[in-house]
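Working notes, structure below.
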Amino acid sequence: MNEASNIQRVEASSIHARDLDLGYRAPQTLIAKGISFDLFPGELTCLMGPNGVGKSTLLKAILHQNPPLKGKVFLDQVDVSVLSNRQRAKKLAVVLTEKITSGEMTVNELVALGRVPHTGWSGLLSPRDKLMVKKVLDLTHISHLANKKLAALSDGQRQTALIARALAQDSKVLILDEPTAHLDLTNRFEIMHLLRHLAKKSSRAILVVTHDLEVAMETADKLWIMEARKPLLAGCPEDLMIQGQIQRLLPGDKWQIDPQSGKIRLLDPAKLPNIEGPSHLSQWIRNVFRKNPELYQPKQIRVRDQPFGISLFFPNREEKVTSIAEMIRFLRTQPT
Ligand SMILES: Nc1ncnc2c1ncn2[C@@H]1O[C@H](COP(=O)(O)OP(=O)(O)OP(=O)(O)O)[C@@H](O)[C@H]1O
């Protein structure tokens, strides 16, 4: 980035930091050095990295819960350390991986707490506040849970209620730590698509810490990849995938990201059988041999669709099966 474009981007970013040292005091522990980032309005950014690398520590620096050991974080060009808690809460909403202690509270009451920066601690909701609570309950598909106590919710429902509370805060910056951790397959996409939609529709800057590469690739505008003792790497997810940079999320040489599917898999064993047939079928047969390197490998495998069938070719015969389970059973009977 040259200097002129750098200045332009700094002006546009909602959160900006350069060359931070992140860590803890008493005793002083340095976790990450030289960390720089810009979070832009209208974008959903996913922060990814191995366990313990310092993602939550970075969030705590942005939130001023644990200020950086060196450097400053700017929220709308204002140093976060000079903002009061109330000023920060109006600009920035957070969903952390917190345990809810007050299980007696209802979902409606929890979400209404999101309006506190706007109502004051009296907690009296104006009609506009009540409308906002209703709107976010609808948006997150939990209106039917409004009067349920938090203690009576599943982990995923509680997580969604916390997200609704943050949305009710109606801030321009939203930060979420592993929001999809407890959600089922559909809801992890639903919630992330909702966050993406909010980023676009109301020009919010949204930062999500996640370990879910599939959801991040599907929804994020930007990825921030955090590695031990390295500067933060930021980029468009598709560029990072094509450039092989996503592989940085998997230190060591045991696991590999397939740049075509974006899926994580064991590094290919030296030899896989020769498989002919449509790629959407042959890839799943290949998957079986990757998972079961001990399986007897025929000379050639041919797979076909409609009706589904697999032909296994041996030096002097052909065996036909009609499912992958049947293929595995058959190959297990073969001497290795
Ligand atoms: N309050 C603290 N005091 C000292 N060290 C801490 C504190 N909290 C976390 N750490 C350490 O900081 C390092 C980074 O932790 P952090 O929680 O930021 O990692 P993370 O990337 O969010 O990990 P995960 O993916 O497992 O959530 C870890 O080594 C952790 O032990």
Side-chain angles (χ1 to χ4, degrees), residues 15-39 44-73 75 80-81 85 88 92-101 155-156 158-160 162-163 166 173-183 187-188 191-192 195 205-220 222-235 237 240 245-252 254-255 257 262-264:
I15 296 193
H16 163 78
R18 284 291 172 275
D19 205 18
L20 303 180
D21 284 358
L22 302 175
Y24 296 88
R25 295 166 174 83
Q28 179 139 331
T29 320
L30 181 68
I31 303 293
K33 215 175 146 44
I35 298 292
S36 300
F37 49 83
D38 286 287
L39 189 71
L44 174 63
T45 299
C46 286
L47 168 57
M48 305 191 72
N51 288 133
V53 78
K55 301 179 296 298
S56 301
T57 308
L58 189 154
L59 294 195
K60 287 186 230 167
I62 294 177
L63 303 172
H64 201 59
Q65 288 177 359
N66 179 54
L69 299 177
K70 190 198 103 193
K72 288 182 190 307
V73 177
L75 177 57
V80 289
S81 66
N85 287 344
R88 258 198 307 276
L92 203 160
V94 187
V95 182
L96 296 179
T97 46
E98 62 193 279
K99 288 253 180 301
I100 294 184
T101 43
D155 286 344
R158 213 171 298 127
Q159 184 69 23
T160 312
L162 285 170
I163 293 170
V173 182
L174 190 54
I175 293 183
L176 305 99
D177 197 357
E178 299 193 42
T180 58
H182 296 292
L183 302 184
N187 274 321
R188 36 195 267 267
I191 287 291
M192 290 294 284
L195 293 174
I206 304 187
L207 177 62
V208 174
V209 173
T210 181
H211 291 291
D212 194 335
L213 180 62
E214 191 185 1
V215 170
M217 286 306 299
E218 188 68 26
T219 55
K222 291 263 170 65
L223 286 190
W224 291 358
I225 296 182
M226 198 167 183
E227 280 180 284
R229 294 172 298 282
K230 298 252 172 79
L232 199 67
L233 175 70
L240 296 177
Q245 304 274 25
I246 305 266
Q247 188 63 36
R248 289 164 178 253
L249 293 170
L250 308 174
K254 185 171 177 192
W255 298 95
I257 293 181
K263 289 203 163 64
I264 297 168

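Ligands are counted one by one from 1 in listed order, and the atoms in each one are counted from 1 as well.
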Answer with yes or no whether Gly23 contacts ligand 1, where contact means a heavy atom under 4.0 Å from a ligand atom.
-> no
Heavy-atom check, side chain of Ser56 versus side chain of Glu178, under 4.5 Å = no
Do side-chain atoms of Lys55 reach the backbone of Leu47 as a donor and acceptor pair under 3.5 angstrom?
-> no
Side chain to side chain, Glu214 and Arg188, heavy atoms closer than 4.5 Å = yes
Should you measure from each heavy atom of Pro50, which atoms of ligand 1 turn up under 4.0 Å away?
-> 21 (O)
Of Met48, Arg25, Lys55, the residue with the heavy atom nearest atom 20 (P) of ligand 1 is Lys55
Just wondering, more than 12 heavy atoms not from Arg229 lying within 6.0 Å of its CZ?
-> no
Considering only protein heavy atoms, which is closest to atom 6 (C) of ligand 1, and at what distance to one decimal place?
-> Tyr24 CE1, 3.3 Å
Just which atoms of ligand 1 are under 4.0 Å from any heavy atom in His211?
-> 25 (O)
Examine ligand 1 and decide if any of its atoms is less than 4.0 Å from a heavy atom belonging to Gly54.
-> yes
Lys70/Asp19 ion pair, N-O < 4.0 Å | yes
Once you round to the nearest 0.5 Å, how far does NZ of Lys222 lie from CD1 of Ile206?
-> 14.0 Å
Please determine if Val53 has a nitrogen or oxygen closer than 3.5 Å to a nitrogen or oxygen of ligand 1.
-> yes
Any Thr29 heavy atom less than 4.0 Å to ligand 1 | no
Identify which of Asn51, Leu22, Val209 has a heavy atom lying nearest to atom 24 (P) of ligand 1.
-> Asn51
Nearest protein heavy atom under 4.0 Å from atom 18 (O) of ligand 1, yes or no = yes
Nearest option to atom 29 (O) of ligand 1, as decided by whichever heavy atom of Ala181, Ala61, Ser56, Gly52 sits closest | Gly52
In this structure, atom 12 (O) of ligand 1 is nearest to the protein heavy atom Ile31 CD1, 3.2 Å
So, do Leu162 and Leu176 sit near enough that their side-chain heavy atoms are less than 4.5 Å apart?
-> no
The atoms of ligand 1 lying under 4.0 Å from a heavy atom of Thr57, numbered in the order shown, are 14 (C), 15 (O), 16 (P), 18 (O)
Note, Arg25 side chain near Leu69 side chain (heavy atom, < 4.5 Å) = yes
What's the shortest distance from atom 27 (O) of ligand 1 to any protein heavy atom, and which residue and atom give it?
-> Glu178 OE2, 3.8 Å
Do Leu63 and Arg88 have side-chain heavy atoms sitting under 4.5 Å apart?
-> no
How long is the gap from CE on Met48 to CZ on Arg248, to the nearest 0.5 Å?
-> 14.5 Å
Can you tell me if Met226 has a non-hydrogen atom under 4.0 Å from ligand 1?
-> no
